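Written out below as structure tokens is the structure these notes cover.
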Amino acid sequence: MGAPLVIGVDVGGTKILSGVVDREGEVLSRHKIESPGSSEEDVLEALDAAVETLLDDRIGAIGFGIPANLDRITGRVLSATNLPFDDFDLVAHARARFGLPVGIENDANAATLAEWKLGAGRGTSNLSMLTLGTGVGGGLVLDNRLYRGWAEIGHMVVLAHGPLCQGHCHGRGHLEALASGTAADRAARELWGPDADAQVLVERARAGDEDARARVVEIGGFLGAAIASLANLFDPELVVVGGGFGEAAGELVLSPAREIARRDALAPADETIRIVLAELGTEAGLIGAALVGFEALDGAW
């Protein structure tokens, strides 16, 4: 038998993506299902199925990327904004169920790990990543180490008294409320009615629709404000933007984000900051979850 493989499970607000992955980050097979949001039991059943579908004798460990705050000592899932998880020991559950080493990480931290090790951030020592999807996640690499604490970049306040955040969050004006795919969905519906969504917004912006372009520029501006704050706090060499909406919008969002980030960042970051798209695409979270699985396999968990 060859070197062990792992199953990475990237858990999002709308989908669960699992895959068999090798140490080089190659996804050998994958499986996708919708995320059930009605109860913790439903989500757990879906996670078990996402693993069981791919499980065979090549698998040496499992890694989960979860959109949640984690207890850094025990690995328990404390709370999740967009999923009905509340103080649950997913690691212990999966170990008992599958008899394999199991690792867990915040989903955005996992995507950051993947882009740093295998994607756009290769060779950097200080990096920030933002994932624009259903919500907004983020992660940090500081002094050549992934920051494992709570880096809730999506809940940075970028507009005081702004719109109410989503899910179980009670804050206002958070980046997640203003620069996520959900925010783009809301902008599209405001412009063209209930059947429009973020995809329509991006398509019409690319086609030159002035209203669409104005709303995408606004979203990019909020993103840029958050990036400027990250630059002033951590001075990253590189800021990587990924996630489903981030990938789809691309330069439509990154261009205004660069303008605002350079306006508001302190020197020398106002000239040196680099903002690029993620290289691993929407599979960054899956590959990162797999890397966490390899950490478990190697005894880090």
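Note: hydrogens, waters and symmetry copies are ignored here, and every other heavy atom, side chains too, is used. As the structure is a computational prediction, the values presented were derived from the model and not from experiment.
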Would D235 and N126 count as a side-chain contact (heavy atoms from CB on, under 4.5 Å) here? Give the steps. CA-CA 8 Å; D235 188 27; N126 293 280; over 6 Å; no

Determine whether L90 and I66 satisfy the following criterion, side-chain contact (heavy atoms from CB on, under 4.5 Å), listing intermediate values before the conclusion. CA-CA 10 Å; L90 179 60; I66 301 287; 3.8 Å; yes

Can you check salt bridge (charged side-chain N to carboxylate O under 4.0 Å, His left out) on R204 and E210, steps first, answer last? CA-CA 9 Å; R204 295 193 180 185; E210 292 186 4; over 6 Å; no

Output, in order, the C-alpha distance, side-chain angles, deciding distance and verdict of salt bridge (charged side-chain N to carboxylate O under 4.0 Å, His left out) for E218 and R215. CA-CA 5 Å; E218 182 181 46; R215 298 304 289 268; 3.5 Å; yes

As a quick check of understanding, evaluate side-chain contact (heavy atoms from CB on, under 4.5 Å) for E152 and N69, giving each step before the final call. CA-CA 9 Å; E152 290 291 347; N69 288 329; 2.7 Å; yes

side-chain contact (heavy atoms from CB on, under 4.5 Å) between E115 and E279, worked out: CA-CA 7 Å; E115 285 291 342; E279 286 186 5; 4.0 Å; yes

CA sep, side-chain torsions, deciding dist, call: D143, R145, salt bridge (charged side-chain N to carboxylate O under 4.0 Å, His left out): CA-CA 6 Å; D143 295 331; R145 296 183 64 180; over 6 Å; no

Run R148 and E295 through salt bridge (charged side-chain N to carboxylate O under 4.0 Å, His left out) and show every step you take. CA-CA 13 Å; R148 300 278 184 171; E295 291 179 346; 2.7 Å; yes

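Listed here is the closest heavy atom pair of P4 and L297: CB-CD2, 4.0 Å. Of all heavy-atom pairs between E176 and C165, the closest is CB-SG, 4.1 Å. Closest heavy-atom contact between A290 and V21: CB-CB, 3.5 Å. The minimum heavy-atom distance linking A61 with G293 is given by the pair CB-O, 3.3 Å. Here the closest heavy-atom approach between residue A187 and residue L201 is recorded as CB-CD2, 4.3 Å. P163 and L159 make their closest contact through CD-CD2, 4.3 Å (heavy atoms, listed as atom of the first residue, atom of the second, distance).
Between atom OG of residue S180 and atom CZ of residue F245 there is a gap of 8.0 Å, rounded to the nearest 0.5 Å. D197 contributes atom CG, which lies 14.0 Å from atom CZ of R186 (distance to the nearest 0.5 angstrom). Interatomic distance, OG of S18 versus CD1 of I33, reported as 7.0 Å (0.5 Å rounding). Between the CH2 atom in W116 and the CG atom in L238 there is a gap of 13.0 Å [rounded to 0.5 Å]. We find the CG-CE distance between L113 and M129 to be 10.5 Å, quoted to the nearest 0.5 Å. To the nearest 0.5 Å, atom CG of residue L130 and atom CG of residue L175 are 6.5 Å apart.
V217 and L132 fall into different hydrophobic clusters, defined by Ile, Leu, Val, Met, Phe, Trp and Tyr side-chain heavy atoms under 4.5 Å apart, directly or through other members. Both I16 and L70 belong to a common hydrophobic cluster when Ile, Leu, Val, Met, Phe, Trp and Tyr are linked at side-chain heavy-atom distances under 4.5 angstrom. L127 and I227 end up in different hydrophobic clusters when Ile, Leu, Val, Met, Phe, Trp and Tyr side chains are linked at under 4.5 Å. I260 and V157 sit in two unconnected hydrophobic clusters of ILVMFWY residues. Membership requires side-chain heavy atoms under 4.5 Å apart, directly or through other members. Residue L277 is grouped with residue V202 when hydrophobic side chains (ILVMFWY) are merged at heavy-atom distances under 4.5 angstrom, including chains of intermediate members.
Taking 4.5 Å as the limit, every side-chain heavy atom of V239 sits out of range of all side-chain heavy atoms of R274. In this structure the side chain of I287 never reaches within 4.5 angstrom of the side chain of E26, judged on heavy atoms. At least one side-chain heavy atom of L291 sits less than 4.5 Å from a side-chain heavy atom of K117. Counting only heavy atoms from C-beta outward, the side chains of S29 and L54 approach each other to under 4.5 Å. Between E251 and R258, some side-chain heavy-atom pair lies under the 4.5 Å cut-off. Between V20 and I59 the shortest side-chain heavy-atom distance falls below 4.5 Å. With a 4.5 Å cut-off on side-chain heavy atoms, V77 and F64 do not count as touching. Looking only at side-chain heavy atoms (C-beta outward), L230 and I153 come within less than 4.5 Å of each other.
With hydrogens and angles disregarded, a donor-acceptor distance shorter than 3.5 Å links the side chain of R213 to the backbone of A205. In this structure, the side chain of T124 engages the main chain of G121 through a donor-acceptor pair within 3.5 Å. Between the side chain of T272 and the backbone N or O of P268, at least one donor-acceptor pair lies under 3.5 Å. For the pair N106 (side chain) and P67 (backbone), a donor-acceptor distance under 3.5 Å is absent. Within the 3.5 Å criterion, the main-chain N or O of N144 finds no donor-acceptor partner in the side chain of S125. A distance-only check finds no donor-acceptor pair linking the side chain of E105 to the backbone of V292 [under 3.5 Å].
In E190, the CD atom is crowded: over 12 heavy atoms of neighbouring residues, nucleotides or ligands sit closer than 6.0 Å. Around atom CD of E259, no more than 12 heavy atoms belonging to other residues, nucleotides or ligands sit under 6.0 Å away.
No hydrogens or angles considered: nothing links the side chains of D185 and T182 as a donor-acceptor pair under 3.5 Å.
For the side-chain contact (heavy atoms from CB on, under 4.5 Å) with V240, the qualifying choice from V141, V276, T131 is V276, the only one to do so.
A salt bridge is defined here as a Lys NZ or Arg NE, NH1 or NH2 lying under 4.0 Å from an Asp or Glu carboxylate O, and R97 with E45 fails to meet this definition. A salt bridge links R23 to D298: one of the charged nitrogens lies within less than 4.0 Å of a carboxylate oxygen.
Relative orientation of the H155 and H174 rings is perpendicular, given thresholds of 30° and 60° on the angle between their planes.
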